[in-house]
Amino acid sequence: MSQTKIAIITGITGQDGSYLSEFLLSQNYEVHGIIRRTSTFNTDRIDHMYVDPHSPDAKLFLHYGDLTDGTTLRRILEEVKPIEIYNLGSQSHVRVSFDSPEYTVDSVGMGTLRLLEAVRDYQQRTGIEVKFYQAGSSEMFGKVQAVPQSETTPFYPRSPYACAKVYAHWQTINYRESYDLFACNGILFNHESPRRGETFVTRKITRAVARIVAGQQKKLFLGNLDAKRDWGYAKDYVKAMWLMLQQDRPDDYVVATGETHSIKDFLELAFSHVNLDWQDYVAFDERYLRPTEVDLLIGDPAKSEEKLGWKRSVDFPGLVQLMVNADLAAVGISNGNQDGSEDFAVMNRSSAATVD
Ligand code: NAP
Ligand code: F7E
């Protein structure tokens with residue numbers, strides 16, 4: 001009988017953590033997620049997968065922990081004995097990282113170091129290999145030094161978040177080279193979905209479109225509309241994380257679509273999907289500007305496509321449509337297109353408050 005494959009995911013309650021859990025469960029893994037204790041439930045995105053741990057069918061287990069708490073990370077590693085760790089936990093909002101730089105750097109930078117140290121000690125003591133995935137970001141390219149950006153493009157981070165991700169990136173490489181860890185950096189460009197946090201620009205737009213159609217919102221306040229991003233579908237991107245850990249040798253990979261679009265392009269597609277003109281609804285608010293902006297991101301996915309056999313399944317218009325459709329479903333409007341409807345079941349929480 002083959003041994004159960006066990007994985008730990010930090011950040012399991014986030015967008016990517018939820019899709020990765022679904023994917024690993026579909027590959028017959030036992031999945032252990034690290035969650036933060038909060039005064040209200042923060043498990044909406046994973047509740048549909050959760051089975052009472054007393055049941056013999058349980059394959060998803062949750063442990064309280066935090067990337068700022070190294071002792072607990074070590075304890076969970078010792079208890080769970082994983083073969084793979086996916087480090088997705090982070091304060092991931094770039095604008096917020098300017099407001100809370102110390103906490104951002106602690107969770108993103110030091111958090112990664114704490115986890116790497118735990119893996120190093122566990123592996124050296126037991127001789128058991130634990131493969132490690134680090135959730136790197138296209139934000140590390142910041143003020144871009146080449147177009148498109150690939151694995152060899154120099155970093156120029158432009159936020160506390162991006163600086164911390166660069167630190168985590170190099171620590172991951174350093175642990176690979178110093179201690180022979182199977183540690184990989186995914187350099188993932190923006191990836192979105194109906195499960196995207198409501199304060200990231202894509203979801204803020206698609207949620208506003210649905211609420212405007214439903215008569216629940218009149219205006220959408222945004223910052224810089226000229227920035228360009230390489231946007232893909234999150235469900236596609238978590239497969240690339242897993243593929244990296246299935247290779248013979250650890251390495252670093254860019255995951256992207258190879259296309260770039262502005263916020264205006266996204267607005268145009270999202271509003272026209274419901275026959276509205278975005279210019280009638282969008283207003284400027286300077287509080288959404290950042291002290292330093294990342295103007296243009298476009299990734300070169302050639303290495304991932306060639307070495308991992310990875311390919312995106314959803315194009316830019318398809319992504320916008322499935323996000324708008326899921327948010328329409330969340331306010332009780334069906335436009336006949338079921339794209340994204342399975343995510344409506346997961347994200348059925350249309351708060352009365354306008355979140356921005
Ligand atoms: P997300 O939706 O913001 O989820 C972040 C997760 O990290 C949540 O589960 C959150 O828990 C958890 N977390 C936050 N602080 C933590 C801490 N101190 N200790 C432990 N867990 C903590 O982010 P995502 O979009 O899924 O992204 C996943 C990872 O990829 C992140 O590291 C992000 O920086 C990185 N990344 C994302 C993108 C993208 O476009 N989505 C691109 C490149 C890289 P709560 O639910 O309790 O808040
Ligand atoms: O901003 C502009 C904003 O917050 C995109 C994270 O997952 O991807 C994400 O970071 C652009 C920026 O994502 C608003 O100025 C305009 O130029 O959706 P975002 P991000 O900063 O690209 C990377 C890859 C990550 O790693 C991060 O974790 O949109 N923008 N008006 C706005 N952005 C927001 N949030 N809100 C606005 O009102």
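Order of listing sets the numbers, starting from 1, for every ligand and every atom in it. All heavy atoms count here, side chains included; hydrogens, waters and symmetry mates do not. This chain uses plain numbering: 1 for the first residue, then up along the sequence.
Among protein heavy atoms, atom 7 (O) of ligand 1 sits closest to Ser90 N, 3.1 Å. The protein atom (non-hydrogen) at minimum distance from atom 37 (C) of ligand 1 is His191 CE1, 3.9 Å.
Side chain to side chain, Glu30 and His32 meet the donor-acceptor criterion of an N or O pair below 3.5 Å. Checked by atom type, the side-chain pair Asp230/His261 shows no donor-acceptor distance below 3.5 Å. If you check the side chains of Thr206 and Asp327, you find a donor sitting under 3.5 Å from an acceptor. Side-chain atoms of Glu84 and Gln246 form a donor-acceptor pair, as typed in the model, at a separation below 3.5 Å. Judged by distance alone, the side chains of Thr152 and Ser150 do bring a donor and an acceptor atom under 3.5 Å apart. Side-chain polar atoms of Gln134 and Asn87 form a donor-acceptor pair below 3.5 angstrom. When only modelled atom types and interatomic distance are considered, Gln15 and Tyr19 share no side-chain donor-acceptor pair under 3.5 Å. Judged by distance alone, the side chains of Thr72 and Asp69 do bring a donor and an acceptor atom under 3.5 Å apart.
Asp66 counts as a contact of ligand 1, since one of its heavy atoms falls under 4.0 Å from the ligand. Not close to ligand 2: Arg95, with no non-hydrogen atom less than 4.0 angstrom away. Ligand 2 is never approached by Arg203 to a heavy-atom distance shorter than 4.0 Å. In this structure, Leu88 is part of the shell of residues with a heavy atom less than 4.0 angstrom from ligand 1. Using 4.0 Å as the threshold, Ser18 has no heavy atom nearer than that to any atom of ligand 1.
Contact annotation for Arg36 and ligand 1: only side-chain heavy atoms (C-beta onward) come within less than 4.0 Å of the ligand. With a 4.0 Å heavy-atom cut-off, ligand 1 is reached by the side chain of Lys165 but not by its N, CA, C or O. Heavy atoms of Arg196 found under 4.0 angstrom from ligand 1 belong exclusively to the side chain. When non-hydrogen atoms are compared, ligand 1 lies under 4.0 Å from the side chain of Ser107 (C-beta onward) but not from its backbone. Proximity of Tyr103 to ligand 1, defined as any heavy-atom pair under 4.0 Å, is confined to the side chain (atoms from C-beta onward).
Atoms of ligand 2 lying under 4.0 Å from any heavy atom of Ser92, numbered from 1 in the order shown and given with element: 6 (C), 27 (C), 28 (O). Near Glu293, the atoms of ligand 2 lying under 4.0 angstrom from a non-hydrogen atom of the residue are 3 (C), 12 (C), 15 (O), 17 (O). Every atom of ligand 2 with a heavy atom of His93 under 4.0 Å away is listed here by number and element: 35 (N). Under a 4.0 Å criterion applied to the non-hydrogen atoms of Ser137, ligand 2 contributes the atoms 23 (C), 24 (C), 25 (C), 26 (O). Near Val94, meaning under 4.0 Å from any of its heavy atoms, are these atoms of ligand 2: 10 (O), 21 (O).
Salt bridge present: Asp251 and Lys303 bring a charged side-chain N and a carboxylate O closer than 4.0 Å. A salt bridge links Glu22 with Arg195: the distance from a Lys NZ or Arg NE/NH1/NH2 to an Asp or Glu carboxylate oxygen falls below 4.0 Å.
Backbone and side-chain nitrogen or oxygen atoms of Thr13 are examined, and one is located within less than 3.5 angstrom of a nitrogen or oxygen of ligand 1. Note: no N/O pair closer than 3.5 Å links Tyr288 and ligand 2 by distance alone. Geometrically, ligand 1 and Glu192 share no nitrogen or oxygen pair separated by less than 3.5 Å. Remark: ligand 2 and Ser138 share no N or O pair separated by less than 3.5 Å (distance only, no angle test). Checked by distance only, ligand 2 and Phe200 stay at 3.5 Å or farther apart across all their nitrogen or oxygen atoms. Close N/O approach between Thr38 and ligand 1 is not found [any backbone or side-chain N/O within under 3.5 Å]. Residue Gly65 has no N or O atom closer than 3.5 Å to an N or O atom of ligand 1. The shortest N or O to N or O distance between Gly223 and ligand 2 is below 3.5 Å. Between Tyr161 and ligand 1, at least one pair of N/O atoms sits closer than 3.5 Å.
Figure legend: Arg120 and Tyr179 shown as a cation-pi pair, the cationic atom lying under 6.0 angstrom from the six-membered ring centre and within 45 degrees of its axis.
Put simply, the side chain of Glu198 never gets that close to the backbone of Phe200: no donor and acceptor are under 3.5 Å apart. Proximity of a side-chain donor or acceptor of Lys165 to a complementary backbone N or O of Ala135 within less than 3.5 Å is detected. A donor-acceptor pair is defined here as one N or O able to donate and one able to accept, closer than 3.5 Å; such a pair exists between the side chain of Ser107 and the backbone of Tyr103.
Taking each of Asp69, Ile34, Leu67, Thr104 in turn, the one with a heavy atom nearest to atom 20 (C) of ligand 1 proves to be Leu67. Comparing Thr199, Thr202, Val294 by heavy-atom distance to atom 36 (N) of ligand 2, the nearest is Thr199. Of all the listed residues (His191, Lys228, Arg196), Arg196 holds the heavy atom that lies closest to atom 7 (O) of ligand 2. Within the set Val108, Leu297, Leu296, Asn190, the minimum heavy-atom distance to atom 13 (O) of ligand 2 is found for Asn190.
Partner of Phe271 under the ring-ring contact (aromatic ring centres under 6.0 Å, His included) criterion, chosen from Phe266, Tyr281, Trp278: Tyr281.
Using bins of under 30°, 30° to 60° and over 60° for the plane-to-plane angle, the ring pair Phe23/Trp242 lands in the perpendicular bin.
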